[in-house]
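See structure below.
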2 protein chains.
Amino acid sequence: MTGTRRSGGRPTLEQVAARAGVGRGTVSRVINGSPRVSERTREAVERAVAELGYVPNRAARALAANRTDAIALVIPETETRLFAEPYFSDIIRGISTELADTEMQLLLTLIRTPKERHRLAQFLGAHRVDGVLLVSVHADDPLPDLLEEIEMPAVLSGRRAAGESVPYVDSDNVGGASAAVEHLIGRGRRSVATITGPLDMYVAQCRLDGYRQALAVAGHEPDEGLVEPADFTEEGGRRAMARLLERRPELDAVFCASDVMAAGARQVLREQGRRVPEDVALVGFDDSAVARHMDPGLTSVRQPTEEMGRMMARVLLAEIGERDPDRPQVVLTTELIRRASS
Amino acid sequence: MTGTRRSGGRPTLEQVAARAGVGRGTVSRVINGSPRVSERTREAVERAVAELGYVPNRAARALAANRTDAIALVIPETETRLFAEPYFSDIIRGISTELADTEMQLLLTLIRTPKERHRLAQFLGAHRVDGVLLVSVHADDPLPDLLEEIEMPAVLSGRRAAGESVPYVDSDNVGGASAAVEHLIGRGRRSVATITGPLDMYVAQCRLDGYRQALAVAGHEPDEGLVEPADFTEEGGRRAMARLLERRPELDAVFCASDVMAAGARQVLREQGRRVPEDVALVGFDDSAVARHMDPGLTSVRQPTEEMGRMMARVLLAEIGERDPDRPQVVLTTELIRRASS
DNA sequence: ATCACGGATGAGAGCGCTCTCAAGCCGGGG
DNA sequence: CCCCGGCTTGAGAGCGCTCTCATCCGTGAT
């Protein structure tokens, strides 16, 4: 009973050192893979570690070394609901995969209220993590700049705007959208409309750009009447589709900037007696569960979500190791998944 | 330059103490809300804290107090894919909500490989967190017992078996299933089949029990030919539906133990020219996005997922505070969401 | 006025680790 | 044979916080 009211008396560095017959510092070196240890000593220490089942105390290490071995995944609330589908879990899976061989821990932070936002800022300001992964950040979000300011490594999923200054991993939204529209045109559709996301989001802009580019390439006259902005929600998709049909009853295809909006659009089409794909072809974006379960199955642009998660983690780890002066930027290609809706 | 290569020179307890003109211990007391501080002193300290923007160093605190102010959410991989839908994010949202007013951090841990499993065990064994939330644990999972052994507070979502010994939060699967079947019978269905989950999972058993109970109450003859086990996957639902139709072509309703399986079943029904709900009524379980987007909309049993997350966190926090000798057990009620499929 | 008692407070001792630094050891060159 | 340089190693000093304990002060009881 030497005053150890402590954690089940787990072994400490000191004890490992004693057992291996070396000093604390040496054990520390071995644990951290320093090259300045002789082979003999290393082996002795490793044996002692194994025998005692030693696991370093993270808090002590963090305190002494002034790092945390943890990164935060920050998810603004609204997005979690919108993107909930596979996006969310896929990206987490990717991150987790990349972190698996690391000592890094993943902290999950949902941001819903201004209060939580403030707490997060404080939390980050106090350097409670070594780096931050930011998912679906809005253009006007001050967080990335805050992070920049306090020199906290960060990686975004998606850009806030063209010329994003913070390192990011994004998918090729322009290319994906244009492939989708190209496909519709290739199927003989003459009047291709689009339901966009909120246009203050860069991702929505990109998909709209892709739509326009594909039409231009195919030599279609631009017709702004075929463009209807929405908000990535099902209800928004519904309303947009209704407006579109009223304005351009002759349309025979719709590219929706998200599957969820496509689901809404599909409902309106059904209500108005338009068959999919016979009367109107439909293409979505995200290749979410919704797309697979729609009837008919929804053709959709697939983003390599898990891969994005992996890349984000990889880039962040690199940034934590040593900041890259020219901020790393990764853009992953998309893939068109064809189903019966087009 | 007093040798501070440290974290941006953020203020320490010591500095706050100096500024407030008190001792370190007193500041600590104020920070931790100890009652043994005079009003005057408390105010002075709080002012100093505000002025300096002091935020306690978590690592130091963890080291000194031998706690971590973090809990882990452990998710076995397979489940994340199966339940991906809203379940996953809803439960996280619930947990996060409950944790919002706490100092607790949420660590996310995905378990896919035996290696990761081992790392987790080691991690937990080293008391790297104050408690653990376990999502969808299999009956034969050794993790809960390990946790029990090392006296790590834990809460399960769902029971591994009847008479679960670890604290848990579950939804009323029996009641939900029985309500679903009752509903089908109430709609005049005579031959109600069921597609179950893997029967080595307690949750699947419960839903099957509910199915049987409702039939019994309604005075239906038990007919094991109407019971087809599957595995919670879409493909499994498809196969089960096919077998069911072959064996009992006269069936006019199916209760599926998950929406995803219902989606599979629905495809087979369509292929075989059976209309839903005219020929065969369909009910699912989970009330996931799939249910809403099926055509016709799938009647489904809704679990209060977010609420479950909240309860889990709440129970765990209580357990961390002081372990309840009779393990807390919470069962939340379900709700039948009626749509056009029944 | 004196003593005891309870609450408020500060000093001190770590928590387990990393990191710096100087000492110890070896071999080779002068 | 001695000195120097390079490598390995251990000691020591914290990192910022909590917690125990002794001290100090004011108060009511005597």
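Fair warning: this is a prediction, and the values are worked out from it, not measured in the lab. Quick note on labels: first sequence line is chain A, next is B, and so on, each numbered from 1.
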Starting at CZ of B:Arg40 and ending at P of C:dA8, how long is that distance when rounded to a whole Å?
14 Å

B:Gln15 CD to D:dG16 P: how many Å, rounded?
8 Å

Partner set under side-chain contact (heavy atoms from CB on, under 4.5 Å) for B:Leu317, not counting sequence neighbours:
B:Leu99, B:Thr102, B:Met104

With sequence neighbours left out, what residues match A:Asp101 under side chain to side chain donor-acceptor pair (under 3.5 Å)?
B:Lys115

Rounded to whole Å, how long is the line connecting atom CZ of B:Arg128 with atom C1' of C:dC15?
13 Å

Selected nucleotide, minimal atom distance to A:Asn32 side chain, candidates C:dC17, C:dT18, D:dC15:
C:dT18

Rounded interatomic separation in angstrom, taking NE2 from B:His127 and P from C:dG16
13 Å

Are OP1 or OP2 of D:dT18 and a side-chain N or O of B:Ser28 less than 4.0 angstrom apart?
yes

Of all residues at least two apart in sequence or in a different chain, which pass the salt bridge (Lys or Arg N to Asp or Glu O under 4.0 Å) check with A:Arg128?
none

Would you mind reading off the distance between B:Leu13 atom CG and C:dA13 atom C1', rounded to a whole angstrom?
16 Å

Looking only at heavy atoms, which two atoms of A:Arg160 and A:Pro144 are closest? And how far apart?
NH1-CB, 3.4 Å

Using the salt bridge (Lys or Arg N to Asp or Glu O under 4.0 Å) criterion, which residues pair with A:Glu103? Sequence neighbours excluded.
A:Arg61

Round to a whole Å and report the spacing from CZ of A:Arg58 to C1' of C:dT18.
15 Å

For the side chain of A:Arg67, starting at C-beta, report the closest nucleotide among C:dT18, C:dG16, D:dT18.
C:dT18

Five pairs at each end of the helix from C:dA1-D:dT30 to C:dG30-D:dC1: take the axis at both ends and give me the angle between them to 10°.
60°

Output the rounded distance in Å from CG (A:Asn57) to C1' (C:dG16).
6 Å

Ignoring the backbone of A:Ala65, work out which of D:dG16, C:dC19, D:dC17 is nearest its side chain.
C:dC19

For B:Arg67, enumerate each residue passing the side chain to side chain donor-acceptor pair (under 3.5 Å) test, keeping only those at least two apart in sequence or located in another chain.
B:Asp69

Test salt bridge (Lys or Arg N to Asp or Glu O under 4.0 Å) applied to A:Glu319 - qualifying residues, sequence neighbours left out
A:Arg323, A:Arg327

With a 3.5 Å cut-off and sequence neighbours excluded, list the donor-acceptor pairs that the side chains of residues 16-36 of chain B form with protein atoms.
{"unit_1": "B:Arg19", "atom_1": "NE", "unit_2": "B:Glu51", "atom_2": "OE1", "d": "2.7"}
{"unit_1": "B:Arg19", "atom_1": "NH2", "unit_2": "B:Glu51", "atom_2": "OE1", "d": "2.8"}
{"unit_1": "B:Ser28", "atom_1": "OG", "unit_2": "B:Asn32", "atom_2": "ND2", "d": "3.4"}
{"unit_1": "B:Asn32", "atom_1": "ND2", "unit_2": "B:Ser28", "atom_2": "O", "d": "2.8"}
{"unit_1": "B:Ser34", "atom_1": "OG", "unit_2": "B:Arg36", "atom_2": "N", "d": "3.1"}

Listing time: all N or O pairs from protein to nucleotides 5-9 of chain D that are below 3.5 Å?
{"unit_1": "D:dT8", "atom_1": "OP2", "unit_2": "A:Arg36", "atom_2": "NH1", "d": "3.3"}
{"unit_1": "D:dT9", "atom_1": "OP1", "unit_2": "A:Ser38", "atom_2": "OG", "d": "3.1"}
{"unit_1": "D:dT9", "atom_1": "OP1", "unit_2": "A:Thr41", "atom_2": "OG1", "d": "2.3"}
{"unit_1": "D:dT9", "atom_1": "OP2", "unit_2": "A:Ser38", "atom_2": "N", "d": "3.0"}
{"unit_1": "D:dT9", "atom_1": "OP2", "unit_2": "A:Thr41", "atom_2": "OG1", "d": "3.4"}

Whole-Å gap separating C1' (D:dG16) and CG (A:Leu63):
5 Å

Side-chain contact, heavy-atom cut-off 4.5 Å: A:Val74 with A:Val132?
yes

Taking only the side-chain nitrogens and oxygens of A:Arg24, find out if one of them lies under 4.0 Å from OP1 or OP2 of D:dG10.
no

